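Below is one structure, written out as structure tokens; comments come after it.
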Protein chains: 2
Amino acid sequence: MSTNFDIAQLRSSCATCSLRELCLPVGLNDQEVHLLGEVVSHKRKIRRGGYLYHTSTKFQTLYAIKSGFFKTCILEEDGRQQVTGFHMTGELLGLDAISGDLHTCDAIALENSEVCEIPFAKLEEISRTIPSLMRHFHRIMSREIVRDHSIMLLLGSMKAEERLASFLLNMSRRFAIRGYSETSFILRMTREEIGSYLGLKLETVSRAFSKLQHETLITVNNKHIQILDLDRLKLKMGNTSCLT
Amino acid sequence: MSTNFDIAQLRSSCATCSLRELCLPVGLNDQEVHLLGEVVSHKRKIRRGGYLYHTSTKFQTLYAIKSGFFKTCILEEDGRQQVTGFHMTGELLGLDAISGDLHTCDAIALENSEVCEIPFAKLEEISRTIPSLMRHFHRIMSREIVRDHSIMLLLGSMKAEERLASFLLNMSRRFAIRGYSETSFILRMTREEIGSYLGLKLETVSRAFSKLQHETLITVNNKHIQILDLDRLKLKMGNTSCLT
DNA sequence: CGCCTTTTTGATAGCCGTCAAATTTCGTGG
DNA sequence: CCACGAAATTTGACGGCTATCAAAAAGGCG
């Protein structure tokens with residue numbers, strides 16, 4: 001029975017996870033990954049539309065997305081709302097909550113999803129003995145800051161079509177990294193959610209889709225997007241670094 | 001002579017720095033602060049208009065602002081530019097560079113300034129033995145992410161006047177924390193830089209200043225701003241959390 | 001299959017960007 | 001300390017982009 005238990009552990013641990021090279025374990029050796037796996041043993045399933053966490057609830061664990069797709073959004077008292085990000089497999093959720101021990105946004109599943117729970121106190125603890133883990137964790141936080149800066153550039157200086165092109169190229173690249181097609185994919189979010197993320201109204205997003213389609217840069221079939229000319233789409237947005 | 005040296009060390013170390021409660025040493029005991037001080041011994045002066053670092057240069061050290069005022073901005077190949085932040089004493093610069101070992105923005109002094117150099121490798125090293133340092137460093141990075149999210153909200157959903165009100169309230173609060181007046185201060189940056197930060201053109205910023213002045217919410221004398229009614233100014237921006 | 005949500009498209013209005021010119025401020029050198 | 005020129009700021013007029021309002025069409029879930 002001990003054997004069965006070990007196998008189950010192994011199965012669900014970081015060591016054998018297909019996302020090992022995308023997620024927190026990047027750069028760790030086998031022994032280190034094993035240690036990390038013991039900290040990250042617990043998992044959680046979230047149904048489409050369900051909340052992974054709510055704003056203002058206590059923060060104790062980070063979450064790594066094992067499968068599925070999430071959005072995070074902030075909601076102000078006055079009703080103002082904004083999607084701050086869309087999140088795919090291997091990405092970490094909850095980094096914003098470290099600063100105040102409370103979640104500062106809602107995380108909502110856009111399809112049935114599964115996450116790995118990473119108790120933050122334990123992560124800090126073991127990262128003291130695994131320098132490469134600490135370093136990679138710092139890189140992940142820093143990358144989030146860089147991402148946010150490029151979204152600020154987008155929101156501050158791009159027109160609707162440029163924003164949408166930028167968004168599609170970003171999606172394309174992230175799908176490609178995960179082994180999916182970079183030119184044909186299904187968007188999990190609504191036009192309204194895209195608009196909130198890009199600082200546009202849903203009608204403007206819809207119009208921008210139509211415009212890009214008329215210019216034969218993409219094909220739009222509701223949520224199914226096909227990119228017909230990646231290079232020309234990149235030109236659209238002036239060769240900026242497209243939401244790194 | 002050994003005595004003189006020790007005194008000099010002490011003088012320039014974190015232990016006696018007036019920003020101890022604002023900066024990296026928050027939450028550390030005397031012994032820990034002393035250790036940190038040895039890592040942070042080197043300082044650097046930057047003249048107004050000078051660069052602390054350039055985009056794409058190698059990253060090795062973080063900087064804590066000892067005195068003065070900085071802006072950070074990203075510059076795209078196509079000429080698109082955006083101010084990503086204004087930075088005051090006690091704040092850390094360079095966090096964005098951790099992810100790729102290269103600086104992703106320019107940091108420029110808006111007045112004669114002095115910074116403390118924090119070799120990042122050494123910071124990671126000693127934070128392994130000082131858990132409270134590691135924790136606070138994580139909080140600082142996380143806070144940067146939260147700040148960026150609130151700027152995204154601002155850029156994505158606020159009108160010009162609301163953005164400016166939000167910006168002024170943010171400045172006000174940060175001056176107050178540092179012991180300066182929260183209702184009367186000198187802005188170090190130009191209208192164009194404010195506009196770049198807020199996703200507006202300089203003329204629009206100027207008009208928004210005039211509008212707020214006509215409504216007797218503030219008094220504007222070029223770079224000198226006086227806030228006449230903090231509460232009404234907060235109402236202006238719909239009680240959002242004003243660039244936390 | 002039917003209802004509800006999402007998306008598309010059109011018409012109109014308002015905010016902000018652009019262009020322009022006058023005025024003030026600031027930095028430099030005499 | 002003053003004077004000059006460059007830079008920054010303010011204000012006006014106009015146009016374009018996007019929000020808003022509205023209605024129809026398409027898609028999805030029970």
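Lettering follows sequence order; numbering is per chain, from 1. For clarity, every value in this text was computed on a predicted model and none was experimentally measured.
- At whole-Å resolution of the value, CD in B:E192 and P in C:dC16 are 18 Å apart.
- Closest approach to the A:K201 side chain among C:dT7, D:dA19, D:dT9 is made by D:dA19 (side chain taken as heavy atoms from C-beta onward).
- Pairs of residues two or more places apart, or lying in two chains, that qualify as salt bridge (charged side-chain N to carboxylate O under 4.0 Å, His left out) and include a residue from residues 181-192 of chain A are A:E111-A:R188.
- Here the C1' atom of nucleotide D:dA8 and the CG atom of B:N222 are 8 Å apart, to the nearest Å.
- OP1 or OP2 of C:dT7 has not a single side-chain nitrogen or oxygen of A:S206 nearer than 4.0 Å.
- Annotation: side chain of B:I194 is in contact with side chain of B:F209 (closest heavy-atom distance under 4.5 Å).
- Taking the nucleotide of DNA chain C with the nearest heavy atom to each of B:R48 and B:V205, the more 5' of the two is matched to B:V205.
- Atoms CG (A:L187) and C1' (D:dG27) sit 15 Å apart, rounded to a whole Å.
- The heavy-atom pair separating A:E117 from A:Y63 by the smallest distance is CG-CE2, 3.7 Å.
- The distance from atom CE of B:M237 to atom CG of B:N170, rounded to the nearest 0.5 Å, is 9.5 Å.
- Atom CD in B:E203 sits about 12 Å away from atom P in C:dA20, given to the nearest Å.
- One can place CG of B:N221 at 8 Å from P of C:dT25, the figure rounded to the nearest angstrom.
- To the nearest angstrom, P of D:dA19 lies 11 Å from CG of A:L198.
- In this entry the distance linking CZ of A:R191 with P of D:dA26 reads 15 Å, nearest Å.
- Side-chain nitrogen and oxygen atoms of A:K223 include none within less than 4.0 Å of the OP1 or OP2 phosphate oxygen of C:dT6.
- Contact annotation: A:T190 side-chain N/O to C:dT6 OP1/OP2 distance is not under 4.0 Å.
- The side chain of B:A160 lies closest to C:dC16 when the candidates are D:dT18, C:dC16, C:dT9.
- Partner of A:K211 under the side-chain contact (heavy atoms from CB on, under 4.5 Å) criterion, chosen from A:R207, A:E215, A:H214: A:E215.
- Among the nucleotides D:dA8, D:dA19, C:dG10, the one closest to any side-chain atom of A:R207 is C:dG10.
- Counting non-hydrogen atoms under 4.0 angstrom, A:G199 reaches the backbone sugars and phosphates but no base.
- At the heavy-atom level, B:L200 lies under 4.0 Å from the strands shown only through sugar-phosphate atoms.
- Atoms CD1 (B:I194) and P (C:dC16) sit 16 Å apart, rounded to a whole Å.
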